[in-house]
Amino acid sequence: MKPRVRFAPSPTGYLHIGGARTALFNWLYARHTGGTFVLRIEDTDAARNTQEAVDAILSGLRWLGLDWDEGPISGDATGPSKGDRGPYFQSQRKENYQRRVEALLSRDLAYEKDGAIRFRMTREPILIPDLVVGDVMRPLTDREEIDPDWVLVRSDGQPVFHFVNVVDDLEMGITHVIRGEDHLSNTAKHIALFRAFGVEPPKYGHIPLILNPEGSKMSKRDRGASLSTYLEEGFIPEAVNNYLCLLGWSPKDNTEKLSLAEVVERFDLPQILRHNAKFDFEKLLWLQGEYCRELPDDRFYELAVRALAKVGIDTNKFNVNYVKAALDTCKGKIKTFSELPAYGGFYFKDEIVYDPEAAKKSFVPENKPRIEKLREAFAKADPFNAANLEAALKATASELGVKAGVLVHPVRLAVTGNPSGPSLYHLLEVIGKEKVMDRIKRALATF
RNA sequence: GACCCUAUGGUCUAGCGGUUAGGACACCUCCCUUUCACGGAGGUAGCCCGGGUUCGAGUCCCGGUAGGGUCGCCA
(Lines give C-alpha, C1' and ligand atoms only; values in the text may rest on other atoms or scores of the structure.)
Protein backbone atom coordinates (compact mmCIF):
# COMPACT_ATOMS: atom_id res chain seq x y z
CA MET A 1 0.00 0.00 0.00
CA LYS A 2 1.30 3.42 -0.95
CA PRO A 3 1.90 5.77 1.97
CA ARG A 4 -0.58 8.51 2.66
CA VAL A 5 0.88 11.41 4.62
CA ARG A 6 -0.55 14.74 5.58
CA PHE A 7 0.33 18.23 6.68
CA ALA A 8 -2.31 19.41 9.11
CA PRO A 9 -1.67 22.98 10.24
CA SER A 10 -4.06 25.07 12.28
CA PRO A 11 -4.61 28.50 10.78
CA THR A 12 -4.01 30.56 13.89
CA GLY A 13 -1.18 32.78 12.68
CA TYR A 14 1.53 32.97 10.09
CA LEU A 15 3.05 29.86 8.52
CA HIS A 16 5.92 28.99 10.80
CA ILE A 17 9.25 27.97 9.32
CA GLY A 18 9.07 24.77 11.38
CA GLY A 19 5.64 24.06 9.95
CA ALA A 20 6.97 24.63 6.48
CA ARG A 21 9.70 22.10 7.10
CA THR A 22 7.19 19.59 8.47
CA ALA A 23 5.21 20.07 5.27
CA LEU A 24 8.38 19.69 3.24
CA PHE A 25 9.37 16.43 4.92
CA ASN A 26 5.89 15.00 4.45
CA TRP A 27 5.90 16.08 0.83
CA LEU A 28 9.35 14.60 0.29
CA TYR A 29 8.31 11.30 1.80
CA ALA A 30 5.20 11.17 -0.36
CA ARG A 31 7.13 12.00 -3.51
CA HIS A 32 9.95 9.62 -2.64
CA THR A 33 7.60 6.70 -2.07
CA GLY A 34 5.07 7.55 -4.74
CA GLY A 35 2.52 8.11 -2.00
CA THR A 36 -0.11 10.75 -1.44
CA PHE A 37 0.37 14.11 0.22
CA VAL A 38 -2.76 15.43 1.90
CA LEU A 39 -3.31 18.96 3.15
CA ARG A 40 -5.83 19.26 5.96
CA ILE A 41 -6.70 22.51 7.65
CA GLU A 42 -7.30 22.06 11.38
CA ASP A 43 -9.61 24.98 11.94
CA THR A 44 -11.48 23.73 14.97
CA ASP A 45 -10.57 26.68 17.15
CA ALA A 46 -13.04 29.17 15.73
CA ALA A 47 -11.90 31.90 18.07
CA ARG A 48 -8.29 31.85 16.91
CA ASN A 49 -8.61 30.90 13.26
CA THR A 50 -8.30 33.56 10.63
CA GLN A 51 -8.86 33.58 6.91
CA GLU A 52 -5.49 35.29 6.44
CA ALA A 53 -3.79 32.39 8.16
CA VAL A 54 -5.52 29.89 5.89
CA ASP A 55 -4.44 31.87 2.85
CA ALA A 56 -0.90 32.15 4.20
CA ILE A 57 -0.71 28.36 4.46
CA LEU A 58 -1.90 27.76 0.91
CA SER A 59 0.20 30.50 -0.65
CA GLY A 60 3.24 29.56 1.39
CA LEU A 61 3.12 25.93 0.32
CA ARG A 62 2.52 26.93 -3.28
CA TRP A 63 5.44 29.33 -3.16
CA LEU A 64 7.69 26.51 -1.94
CA GLY A 65 6.36 24.29 -4.67
CA LEU A 66 4.90 21.74 -2.26
CA ASP A 67 1.85 20.65 -4.19
CA TRP A 68 -0.75 18.52 -2.43
CA ASP A 69 -2.61 15.62 -3.99
CA GLU A 70 -5.63 16.00 -1.77
CA GLY A 71 -6.89 19.03 0.05
CA PRO A 72 -8.44 22.41 -0.44
CA ILE A 73 -8.18 24.21 -3.74
CA SER A 74 -8.87 27.60 -2.22
CA GLY A 75 -8.88 29.08 1.24
CA ASP A 76 -12.64 28.84 1.38
CA ALA A 77 -13.55 26.19 3.94
CA THR A 78 -16.77 25.39 2.12
CA GLY A 79 -15.18 25.71 -1.30
CA PRO A 80 -13.98 23.05 -3.71
CA SER A 81 -11.28 20.54 -2.89
CA LYS A 82 -9.52 17.68 -4.58
CA GLY A 83 -9.46 14.14 -3.25
CA ASP A 84 -12.22 11.78 -2.14
CA ARG A 85 -11.62 11.92 1.60
CA GLY A 86 -12.85 15.46 2.11
CA PRO A 87 -13.88 17.85 3.34
CA TYR A 88 -10.33 18.89 4.18
CA PHE A 89 -11.29 21.60 6.64
CA GLN A 90 -12.05 20.26 10.09
CA SER A 91 -14.74 22.85 10.53
CA GLN A 92 -16.67 20.93 7.85
CA ARG A 93 -16.28 17.52 9.46
CA LYS A 94 -18.29 17.95 12.65
CA GLU A 95 -20.63 15.04 12.01
CA ASN A 96 -17.69 12.64 11.85
CA TYR A 97 -16.52 13.69 15.26
CA GLN A 98 -20.02 13.46 16.67
CA ARG A 99 -20.44 9.94 15.29
CA ARG A 100 -17.08 8.86 16.68
CA VAL A 101 -17.81 10.24 20.12
CA GLU A 102 -21.09 8.39 20.24
CA ALA A 103 -19.34 5.19 19.27
CA LEU A 104 -16.94 5.56 22.17
CA LEU A 105 -19.72 6.55 24.55
CA SER A 106 -21.83 3.57 23.62
CA ARG A 107 -18.96 1.21 24.37
CA ASP A 108 -18.15 2.99 27.65
CA LEU A 109 -14.72 3.96 26.35
CA ALA A 110 -15.69 7.56 27.02
CA TYR A 111 -17.91 9.19 29.60
CA GLU A 112 -19.38 12.52 30.47
CA LYS A 113 -18.14 14.65 33.33
CA ASP A 114 -18.84 18.31 34.06
CA GLY A 115 -20.42 18.65 30.64
CA ALA A 116 -17.32 17.46 28.86
CA ILE A 117 -16.73 14.07 27.33
CA ARG A 118 -13.63 12.30 28.52
CA PHE A 119 -11.69 9.34 27.20
CA ARG A 120 -10.89 6.37 29.40
CA MET A 121 -7.13 6.35 28.97
CA THR A 122 -5.15 3.24 29.67
CA ARG A 123 -2.95 3.34 32.75
CA GLU A 124 -0.37 1.08 31.17
CA PRO A 125 2.77 2.48 29.58
CA ILE A 126 2.40 2.74 25.82
CA LEU A 127 5.09 1.78 23.37
CA ILE A 128 5.51 4.28 20.57
CA PRO A 129 7.38 2.73 17.67
CA ASP A 130 8.91 5.70 15.93
CA LEU A 131 10.54 5.57 12.52
CA VAL A 132 12.90 8.40 13.40
CA VAL A 133 13.51 8.11 17.13
CA GLY A 134 13.12 4.38 17.59
CA ASP A 135 10.94 2.65 20.18
CA VAL A 136 9.82 5.00 22.90
CA MET A 137 8.14 3.74 26.06
CA ARG A 138 5.83 6.39 27.38
CA PRO A 139 4.54 5.76 30.93
CA LEU A 140 2.11 8.10 32.66
CA THR A 141 3.50 11.24 34.21
CA ASP A 142 2.85 11.85 37.88
CA ARG A 143 -0.06 14.13 37.06
CA GLU A 144 -1.54 11.54 34.77
CA GLU A 145 -1.19 8.91 37.49
CA ILE A 146 -3.78 10.85 39.43
CA ASP A 147 -6.17 11.08 36.51
CA PRO A 148 -5.10 9.62 33.18
CA ASP A 149 -8.38 10.34 31.40
CA TRP A 150 -8.51 13.30 29.07
CA VAL A 151 -11.11 15.45 27.39
CA LEU A 152 -12.36 14.52 23.92
CA VAL A 153 -15.10 17.12 23.67
CA ARG A 154 -15.18 20.32 25.68
CA SER A 155 -18.26 21.29 27.62
CA ASP A 156 -19.02 23.85 24.91
CA GLY A 157 -19.28 21.01 22.42
CA GLN A 158 -15.97 21.63 20.69
CA PRO A 159 -13.85 18.50 20.12
CA VAL A 160 -10.19 18.88 21.07
CA PHE A 161 -7.13 18.56 18.87
CA HIS A 162 -6.01 15.09 19.99
CA PHE A 163 -9.41 13.72 19.13
CA VAL A 164 -10.10 15.36 15.77
CA ASN A 165 -6.56 14.78 14.65
CA VAL A 166 -6.85 11.05 15.26
CA VAL A 167 -10.34 10.77 13.79
CA ASP A 168 -9.30 12.51 10.61
CA ASP A 169 -6.08 10.57 10.24
CA LEU A 170 -8.12 7.41 10.65
CA GLU A 171 -10.83 8.38 8.19
CA MET A 172 -8.43 9.83 5.67
CA GLY A 173 -6.41 6.63 5.70
CA ILE A 174 -3.19 8.30 6.81
CA THR A 175 -0.45 5.67 7.02
CA HIS A 176 2.49 7.76 8.24
CA VAL A 177 2.35 10.66 10.62
CA ILE A 178 5.44 12.82 10.18
CA ARG A 179 5.36 15.73 12.59
CA GLY A 180 7.39 17.73 15.05
CA GLU A 181 8.94 16.06 18.06
CA ASP A 182 6.82 18.25 20.30
CA HIS A 183 4.06 15.71 19.64
CA LEU A 184 6.06 12.67 20.69
CA SER A 185 4.78 12.48 24.27
CA ASN A 186 1.20 13.05 23.13
CA THR A 187 1.41 10.18 20.72
CA ALA A 188 0.52 7.80 23.54
CA LYS A 189 -2.91 9.40 23.65
CA HIS A 190 -3.29 9.07 19.94
CA ILE A 191 -2.29 5.43 19.88
CA ALA A 192 -4.72 4.64 22.68
CA LEU A 193 -7.51 6.34 20.75
CA PHE A 194 -6.78 4.46 17.55
CA ARG A 195 -6.97 1.23 19.50
CA ALA A 196 -10.23 2.28 21.09
CA PHE A 197 -11.57 2.61 17.58
CA GLY A 198 -10.31 -0.87 16.89
CA VAL A 199 -7.67 0.04 14.35
CA GLU A 200 -3.91 -0.06 14.31
CA PRO A 201 -2.37 3.40 14.55
CA PRO A 202 -0.36 4.77 11.64
CA LYS A 203 3.41 4.71 11.67
CA TYR A 204 4.98 7.71 13.35
CA GLY A 205 8.07 9.71 12.54
CA HIS A 206 8.84 12.57 14.90
CA ILE A 207 11.25 15.05 13.43
CA PRO A 208 13.50 17.31 15.49
CA LEU A 209 12.53 20.89 16.16
CA ILE A 210 14.00 24.04 14.67
CA LEU A 211 15.37 26.23 17.44
CA ASN A 212 16.34 29.89 17.34
CA PRO A 213 20.03 30.82 17.71
CA GLU A 214 19.51 31.07 21.48
CA GLY A 215 18.42 27.46 21.57
CA SER A 216 14.74 27.80 22.35
CA LYS A 217 11.74 27.30 20.17
CA MET A 218 11.50 29.68 17.22
CA SER A 219 8.88 32.30 17.88
CA LYS A 220 7.50 35.20 15.89
CA ARG A 221 10.13 37.46 17.41
CA ASP A 222 12.93 35.48 15.82
CA ARG A 223 14.30 36.50 12.46
CA GLY A 224 13.11 34.17 9.78
CA ALA A 225 10.44 32.46 11.85
CA SER A 226 7.67 33.27 9.43
CA LEU A 227 7.73 31.92 5.91
CA SER A 228 6.30 35.22 4.69
CA THR A 229 9.65 36.85 5.50
CA TYR A 230 11.22 35.00 2.62
CA LEU A 231 8.57 35.99 0.15
CA GLU A 232 8.87 39.59 1.25
CA GLU A 233 12.65 39.76 1.28
CA GLY A 234 12.96 38.32 -2.17
CA PHE A 235 14.30 34.88 -1.39
CA ILE A 236 14.21 32.10 -3.93
CA PRO A 237 12.01 29.19 -2.83
CA GLU A 238 14.55 26.63 -4.04
CA ALA A 239 17.09 28.11 -1.65
CA VAL A 240 14.69 28.02 1.27
CA ASN A 241 13.75 24.42 0.51
CA ASN A 242 17.38 23.44 0.20
CA TYR A 243 18.23 24.99 3.55
CA LEU A 244 15.22 23.46 5.26
CA CYS A 245 16.18 20.01 3.98
CA LEU A 246 19.56 20.39 5.66
CA LEU A 247 18.02 21.06 9.06
CA GLY A 248 17.46 17.66 10.54
CA TRP A 249 18.26 15.66 7.44
CA SER A 250 21.53 14.98 5.73
CA PRO A 251 22.44 13.40 2.42
CA LYS A 252 25.42 11.91 4.31
CA ASP A 253 27.96 12.68 1.63
CA ASN A 254 28.83 16.31 2.38
CA THR A 255 26.61 17.63 -0.39
CA GLU A 256 25.18 21.01 0.56
CA LYS A 257 23.43 22.15 -2.57
CA LEU A 258 20.71 19.81 -3.74
CA SER A 259 17.74 20.36 -5.97
CA LEU A 260 14.38 19.26 -4.65
CA ALA A 261 14.37 16.51 -7.27
CA GLU A 262 17.63 15.15 -5.88
CA VAL A 263 16.30 15.26 -2.35
CA VAL A 264 13.13 13.47 -3.41
CA GLU A 265 15.29 10.68 -4.70
CA ARG A 266 17.51 10.43 -1.64
CA PHE A 267 15.16 11.35 1.19
CA ASP A 268 14.01 8.75 3.68
CA LEU A 269 12.89 8.66 7.26
CA PRO A 270 15.79 6.72 8.82
CA GLN A 271 18.25 9.43 7.75
CA ILE A 272 16.41 12.08 9.69
CA LEU A 273 18.47 13.31 12.62
CA ARG A 274 17.18 12.96 16.14
CA HIS A 275 18.46 16.18 17.63
CA ASN A 276 17.08 19.67 17.30
CA ALA A 277 18.81 22.13 15.03
CA LYS A 278 19.41 25.82 15.51
CA PHE A 279 18.32 28.06 12.70
CA ASP A 280 21.28 29.73 11.01
CA PHE A 281 20.18 32.66 8.90
CA GLU A 282 23.70 33.19 7.58
CA LYS A 283 23.88 29.77 6.03
CA LEU A 284 20.48 30.22 4.45
CA LEU A 285 21.72 33.52 3.06
CA TRP A 286 24.72 31.77 1.58
CA LEU A 287 22.52 29.24 -0.19
CA GLN A 288 20.25 32.04 -1.33
CA GLY A 289 23.27 33.78 -2.85
CA GLU A 290 24.26 30.60 -4.65
CA TYR A 291 20.83 30.14 -6.14
CA CYS A 292 20.48 33.82 -6.96
CA ARG A 293 23.71 33.83 -8.94
CA GLU A 294 22.61 30.84 -10.97
CA LEU A 295 19.14 32.14 -11.75
CA PRO A 296 18.22 32.15 -15.43
CA ASP A 297 18.21 35.73 -16.76
CA ASP A 298 14.48 35.88 -17.36
CA ARG A 299 13.67 34.85 -13.86
CA PHE A 300 16.28 37.20 -12.47
CA TYR A 301 14.73 40.13 -14.37
CA GLU A 302 11.27 39.18 -13.23
CA LEU A 303 12.19 38.99 -9.56
CA ALA A 304 14.34 42.10 -9.79
CA VAL A 305 11.61 44.18 -11.41
CA ARG A 306 9.18 43.02 -8.77
CA ALA A 307 11.57 43.98 -5.95
CA LEU A 308 12.10 47.43 -7.44
CA ALA A 309 8.39 47.95 -7.96
CA LYS A 310 7.85 47.15 -4.32
CA VAL A 311 9.78 50.24 -3.26
CA GLY A 312 8.14 52.41 -5.89
CA ILE A 313 10.65 52.15 -8.70
CA ASP A 314 8.75 51.63 -11.93
CA THR A 315 11.12 50.06 -14.43
CA ASN A 316 8.45 50.27 -17.12
CA LYS A 317 9.34 53.91 -17.48
CA PHE A 318 12.69 52.88 -18.88
CA ASN A 319 13.78 51.26 -22.09
CA VAL A 320 13.70 47.49 -21.67
CA ASN A 321 17.26 47.09 -22.90
CA TYR A 322 18.42 49.71 -20.44
CA VAL A 323 16.70 47.85 -17.61
CA LYS A 324 18.23 44.54 -18.62
CA ALA A 325 21.70 46.01 -19.01
CA ALA A 326 21.39 47.67 -15.61
CA LEU A 327 20.21 44.47 -13.92
CA ASP A 328 22.95 42.46 -15.60
CA THR A 329 25.54 44.47 -13.70
CA CYS A 330 23.81 43.55 -10.43
CA LYS A 331 23.41 39.86 -11.05
CA GLY A 332 25.86 37.77 -9.10
CA LYS A 333 26.46 40.63 -6.72
CA ILE A 334 23.34 40.70 -4.61
CA LYS A 335 22.09 37.80 -2.53
CA THR A 336 18.49 38.74 -1.89
CA PHE A 337 16.29 40.91 -4.05
CA SER A 338 15.47 43.14 -1.13
CA GLU A 339 19.06 44.43 -1.45
CA LEU A 340 18.52 45.49 -5.03
CA PRO A 341 16.96 48.94 -4.54
CA ALA A 342 19.90 50.05 -2.41
CA TYR A 343 22.42 48.33 -4.65
CA GLY A 344 21.22 49.30 -8.10
CA GLY A 345 18.45 51.81 -7.50
CA PHE A 346 20.66 54.62 -8.82
CA TYR A 347 19.99 53.38 -12.35
CA PHE A 348 16.38 54.41 -12.01
CA LYS A 349 16.56 57.57 -9.93
CA ASP A 350 17.35 61.16 -10.81
CA GLU A 351 18.25 62.25 -7.33
CA ILE A 352 21.46 60.68 -6.04
CA VAL A 353 21.93 60.67 -2.29
CA TYR A 354 25.59 60.41 -1.36
CA ASP A 355 26.74 58.09 1.36
CA PRO A 356 27.87 60.61 4.02
CA GLU A 357 30.93 58.69 5.20
CA ALA A 358 32.21 58.13 1.69
CA ALA A 359 31.47 61.73 0.67
CA LYS A 360 33.59 62.99 3.52
CA LYS A 361 36.54 61.07 2.14
CA SER A 362 36.02 61.48 -1.61
CA PHE A 363 34.43 64.86 -2.10
CA VAL A 364 37.39 66.87 -0.85
CA PRO A 365 38.87 70.02 -2.41
CA GLU A 366 42.06 68.34 -3.62
CA ASN A 367 39.97 65.93 -5.66
CA LYS A 368 38.02 68.66 -7.39
CA PRO A 369 40.53 69.46 -10.14
CA ARG A 370 41.19 65.76 -10.62
CA ILE A 371 37.57 64.89 -11.18
CA GLU A 372 37.10 67.92 -13.41
CA LYS A 373 39.93 66.68 -15.57
CA LEU A 374 38.51 63.17 -15.58
CA ARG A 375 35.13 64.52 -16.62
CA GLU A 376 36.75 66.18 -19.60
CA ALA A 377 38.42 62.91 -20.52
CA PHE A 378 35.10 61.07 -20.21
CA ALA A 379 33.52 63.67 -22.48
CA LYS A 380 35.88 62.63 -25.23
CA ALA A 381 35.20 58.90 -24.85
CA ASP A 382 33.64 57.69 -28.04
CA PRO A 383 31.91 55.39 -27.99
CA PHE A 384 30.99 55.85 -24.34
CA ASN A 385 31.70 52.27 -23.35
CA ALA A 386 33.38 50.43 -20.51
CA ALA A 387 36.67 49.86 -22.30
CA ASN A 388 37.08 53.48 -23.35
CA LEU A 389 36.04 54.77 -19.97
CA GLU A 390 38.53 52.55 -18.24
CA ALA A 391 41.26 53.72 -20.59
CA ALA A 392 40.29 57.33 -20.07
CA LEU A 393 40.32 57.00 -16.31
CA LYS A 394 43.64 55.24 -16.22
CA ALA A 395 45.24 57.72 -18.59
CA THR A 396 43.97 60.59 -16.49
CA ALA A 397 45.26 59.01 -13.30
CA SER A 398 48.61 58.50 -14.89
CA GLU A 399 48.74 62.13 -16.08
CA LEU A 400 47.88 63.29 -12.62
CA GLY A 401 50.36 60.96 -11.05
CA VAL A 402 47.75 59.33 -8.80
CA LYS A 403 46.48 55.81 -8.41
CA ALA A 404 43.31 54.90 -10.26
CA GLY A 405 41.51 54.44 -6.98
CA VAL A 406 41.81 58.16 -6.29
CA LEU A 407 39.49 58.78 -9.23
CA VAL A 408 37.41 55.60 -9.06
CA HIS A 409 35.91 56.23 -5.67
CA PRO A 410 34.73 59.82 -6.18
CA VAL A 411 33.22 58.96 -9.56
CA ARG A 412 31.39 55.97 -8.21
CA LEU A 413 30.05 58.05 -5.37
CA ALA A 414 29.06 60.88 -7.69
CA VAL A 415 27.17 58.64 -10.06
CA THR A 416 25.66 56.04 -7.70
CA GLY A 417 25.80 57.62 -4.27
CA ASN A 418 27.32 54.40 -2.92
CA PRO A 419 30.85 53.53 -1.86
CA SER A 420 30.53 50.14 -3.58
CA GLY A 421 28.41 48.51 -6.22
CA PRO A 422 28.53 47.12 -9.74
CA SER A 423 31.64 47.34 -11.89
CA LEU A 424 32.29 51.08 -12.31
CA TYR A 425 33.08 51.18 -16.02
CA HIS A 426 30.13 49.01 -16.95
CA LEU A 427 27.77 50.99 -14.81
CA LEU A 428 28.89 54.23 -16.45
CA GLU A 429 28.33 52.75 -19.86
CA VAL A 430 24.83 51.62 -18.94
CA ILE A 431 23.84 54.95 -17.45
CA GLY A 432 25.13 56.76 -20.50
CA LYS A 433 27.17 59.82 -21.25
CA GLU A 434 24.59 62.49 -20.63
CA LYS A 435 23.58 61.37 -17.16
CA VAL A 436 27.13 60.55 -16.13
CA MET A 437 28.25 64.04 -17.09
CA ASP A 438 25.35 65.59 -15.21
CA ARG A 439 25.89 63.58 -12.10
CA ILE A 440 29.61 64.27 -11.94
CA LYS A 441 28.96 67.95 -12.48
CA ARG A 442 26.43 68.05 -9.72
CA ALA A 443 28.75 66.22 -7.32
CA LEU A 444 31.60 68.59 -8.15
CA ALA A 445 29.57 71.41 -6.69
CA THR A 446 29.69 69.80 -3.25
CA PHE A 447 33.47 69.34 -3.03
C1' G B 1 8.05 18.16 39.93
C1' A B 2 7.17 13.60 36.76
C1' C B 3 7.91 11.52 32.08
C1' C B 4 10.12 11.54 27.08
C1' C B 5 13.90 12.94 23.41
C1' U B 6 18.81 14.67 22.43
C1' A B 7 24.33 15.68 23.07
C1' U B 8 30.96 16.07 17.31
C1' G B 9 34.30 23.28 16.36
C1' G B 10 30.09 29.48 17.24
C1' U B 11 26.20 27.04 13.63
C1' C B 12 24.51 22.85 10.22
C1' U B 13 26.62 18.13 9.84
C1' A B 14 29.93 13.21 8.19
C1' G B 15 31.50 9.34 11.30
C1' C B 16 28.74 3.53 12.98
C1' G B 17 35.25 -0.03 17.76
C1' G B 18 41.39 1.23 15.26
C1' U B 19 40.76 8.17 11.02
C1' U B 20 46.41 13.19 11.40
C1' A B 21 38.09 13.27 13.55
C1' G B 22 36.00 14.95 7.11
C1' G B 23 32.71 18.79 4.73
C1' A B 24 29.68 23.42 4.71
C1' C B 25 28.29 28.39 6.90
C1' A B 26 30.53 32.16 9.82
C1' C B 27 35.29 34.23 11.28
C1' C B 28 40.79 35.50 10.24
C1' U B 29 45.10 35.89 6.57
C1' C B 30 46.77 36.09 1.62
C1' C B 31 45.90 36.04 -3.89
C1' C B 32 42.55 37.80 -7.84
C1' U B 33 39.87 42.53 -8.59
C1' U B 34 42.37 49.69 -7.95
C1' U B 35 34.84 49.08 -5.26
C1' C B 36 31.84 45.16 -3.60
C1' A B 37 30.74 40.25 -4.62
C1' C B 38 32.44 35.74 -6.96
C1' G B 39 36.66 32.61 -7.33
C1' G B 40 41.49 30.52 -5.44
C1' A B 41 45.13 29.27 -1.34
C1' G B 42 45.82 28.91 3.82
C1' G B 43 44.26 29.41 9.14
C1' U B 44 41.71 29.50 14.24
C1' A B 45 38.20 26.26 16.43
C1' G B 46 35.17 20.16 18.08
C1' C B 47 33.87 14.47 20.12
C1' C B 48 29.64 17.57 27.61
C1' C B 49 31.56 15.03 32.32
C1' G B 50 32.41 10.41 35.13
C1' G B 51 32.41 5.32 35.33
C1' G B 52 32.39 0.71 32.85
C1' U B 53 32.85 -3.16 28.34
C1' U B 54 37.16 -3.88 25.06
C1' C B 55 43.86 -5.03 23.29
C1' G B 56 41.53 -0.41 21.68
C1' A B 57 35.81 4.03 22.47
C1' G B 58 33.35 10.19 19.33
C1' U B 59 31.48 5.39 18.18
C1' C B 60 28.65 0.18 22.86
C1' C B 61 26.48 0.18 28.30
C1' C B 62 25.36 2.82 32.98
C1' G B 63 25.21 7.35 35.82
C1' G B 64 25.50 12.50 35.95
C1' U B 65 25.13 17.29 33.60
C1' A B 66 23.11 20.38 29.98
C1' G B 67 19.52 21.59 26.21
C1' G B 68 14.75 20.65 24.19
C1' G B 69 9.79 18.64 24.53
C1' U B 70 5.19 16.84 27.01
C1' C B 71 2.10 16.53 31.15
C1' G B 72 -4.91 21.90 29.29
C1' C B 73 -12.19 21.82 28.51
C1' C B 74 -4.59 25.26 23.28
C1' A B 75 -3.21 23.31 18.68
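Residue numbers start from 1 in every chain, and the chains themselves are labelled A, B, ... in the order their sequence lines are given, proteins ahead of strands.
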If you check the [X] side chain, which of [options] turns out closest?
X: K217(A); options: U70(B), U34(B), A14(B); value: U70(B)
X: D45(A); options: U13(B), C74(B), C12(B); value: C74(B)
X: K252(A); options: C73(B), G15(B), U70(B); value: G15(B)
X: R293(A); options: A37(B), C73(B), C38(B); value: C38(B)
X: V160(A); options: A75(B), U13(B), C12(B); value: A75(B)

Taking a pair as Watson-Crick or G-U wobble with both distances under 3.5 Å, which nucleotide is matched to [N]?
N: C3(B); answer: G69(B)
N: G63(B); answer: C49(B)
N: U20(B); answer: none
N: G39(B); answer: C31(B)

May I ask you to verify if any side-chain N or O of R154(A) is less than 4.0 angstrom from the OP1 or OP2 atom of A75(B)? yes
Determine the Euclidean distance between corresponding C1' atoms of C12(B) and C47(B); express it in Å to zero decimal places. 16 Å
Can you check the [X] [atom1] to [N] [atom2] distance for me, whole Å?
X: Y243(A); N: U11(B); atom1: OH; atom2: P; result: 12 Å
X: N241(A); N: C12(B); atom1: CG; atom2: C1'; result: 17 Å
X: Y291(A); N: C38(B); atom1: OH; atom2: P; result: 17 Å
X: D43(A); N: C74(B); atom1: CG; atom2: P; result: 16 Å
X: D182(A); N: G68(B); atom1: CG; atom2: P; result: 14 Å
X: E144(A); N: G69(B); atom1: CD; atom2: C1'; result: 14 Å
X: W150(A); N: C71(B); atom1: CH2; atom2: P; result: 12 Å
X: H183(A); N: U70(B); atom1: NE2; atom2: P; result: 9 Å

Is [X] touching bases, backbone alone, or none of the nucleic acid, heavy atoms closer than 4.0 Å?
X: A277(A); result: sugar-phosphate
X: F279(A); result: nothing
X: S250(A); result: sugar-phosphate
X: I117(A); result: nothing
X: K278(A); result: sugar-phosphate
X: D114(A); result: base
X: H206(A); result: nothing
X: G248(A); result: sugar-phosphate

Any donor-acceptor pair under 3.5 Å linking the side chain of [X] with the backbone of [Y]?
X: E144(A); Y: T141(A); value: yes
X: S81(A); Y: P72(A); value: no
X: N276(A); Y: E181(A); value: no
X: R93(A); Y: P87(A); value: yes

Should the pair F363(A) and Y354(A) be assigned to parallel (<30°), tilted (30 to 60°) or perpendicular (>60°) ring geometry?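 F363(A) and Y354(A): perpendicular rings.
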Return the orientation label for the F300(A) and F337(A) ring planes: parallel under 30°, perpendicular over 60°, tilted otherwise. tilted
Going by distance alone, is a donor N or O of one side chain under 3.5 Å from an acceptor N or O of the other, for [X] and [Y]?
X: E339(A); Y: T336(A); result: yes
X: N388(A); Y: Y425(A); result: no
X: H206(A); Y: T187(A); result: yes
X: S420(A); Y: Y343(A); result: no
X: Y111(A); Y: D149(A); result: yes
X: N242(A); Y: E238(A); result: no
X: R21(A); Y: N241(A); result: no

Where along nucleotides 21-30 of chain B does protein come under 4.0 Å, by heavy atom, of base (B) or sugar-phosphate alone (S), with - for untouched nucleotides? -BBBB-----
Per-nt protein contacts along nucleotides 45-50 of chain B (heavy atom under 4.0 Å; B base, S backbone sugar-phosphate only, - none) come out as ------
Using the ring-ring contact (aromatic ring centres under 6.0 Å, His included) definition, which of the options F267(A), F37(A), F7(A) pairs with F25(A)? F267(A)
Please give me every residue in residues 118-126 of chain A whose heavy atoms get under 4.0 Å of an atom in RNA chain B, ordered by residue number.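 By residue number: none to list.
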Neighbours of RNA chain B within residues 414-429 of chain A, by heavy-atom distance under 4.0 Å: P419(A), S420(A), G421(A), P422(A), S423(A)
If you find the nucleotide of RNA chain B closest to Q90(A) and the one closest to D253(A), which residue's nucleotide is nearer the 5' end? D253(A)
Judged by each residue's nearest nucleotide on RNA chain B, which is more toward the 5′ side, E214(A) or D147(A)? E214(A)
Identify each atom pair where a protein N or O and an N or O of nucleotides 2-6 of chain B are less than 3.5 Å apart, giving names and distance.
residue, atom, partner, partner atom, Å
A2(B), O4', D142(A), OD2, 3.1
A2(B), O2', D142(A), N, 3.3
C5(B), O2', E181(A), OE2, 3.2

Do P129(A) and K203(A) make a side-chain contact, defined as non-hydrogen atoms from C-beta onward lying under 4.5 Å apart? no
Partner of D169(A) under side-chain hydrogen bond (donor to acceptor under 3.5 Å, both in side chains), chosen from H176(A), R4(A), R40(A):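 Among H176(A), R4(A), R40(A), the one meeting side-chain hydrogen bond (donor to acceptor under 3.5 Å, both in side chains) with D169(A) is R40(A).
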Check whether NZ of the Lys or CZ of the Arg K373(A) lies under 6.0 Å from the centre of the six-membered ring of F378(A) and within 45 degrees of that ring's axis.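 No, a cation-pi geometry is absent between K373(A) and F378(A).
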Could I get the full list of salt bridge (Lys or Arg N to Asp or Glu O under 4.0 Å) partners for D182(A), not counting sequence neighbours?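 K217(A).
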Is any side-chain N of the basic residue among K331(A) and D328(A) closer than 4.0 Å to the acidic one's carboxylate O?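 Looking at K331(A) and D328(A), the cut-off is not met.
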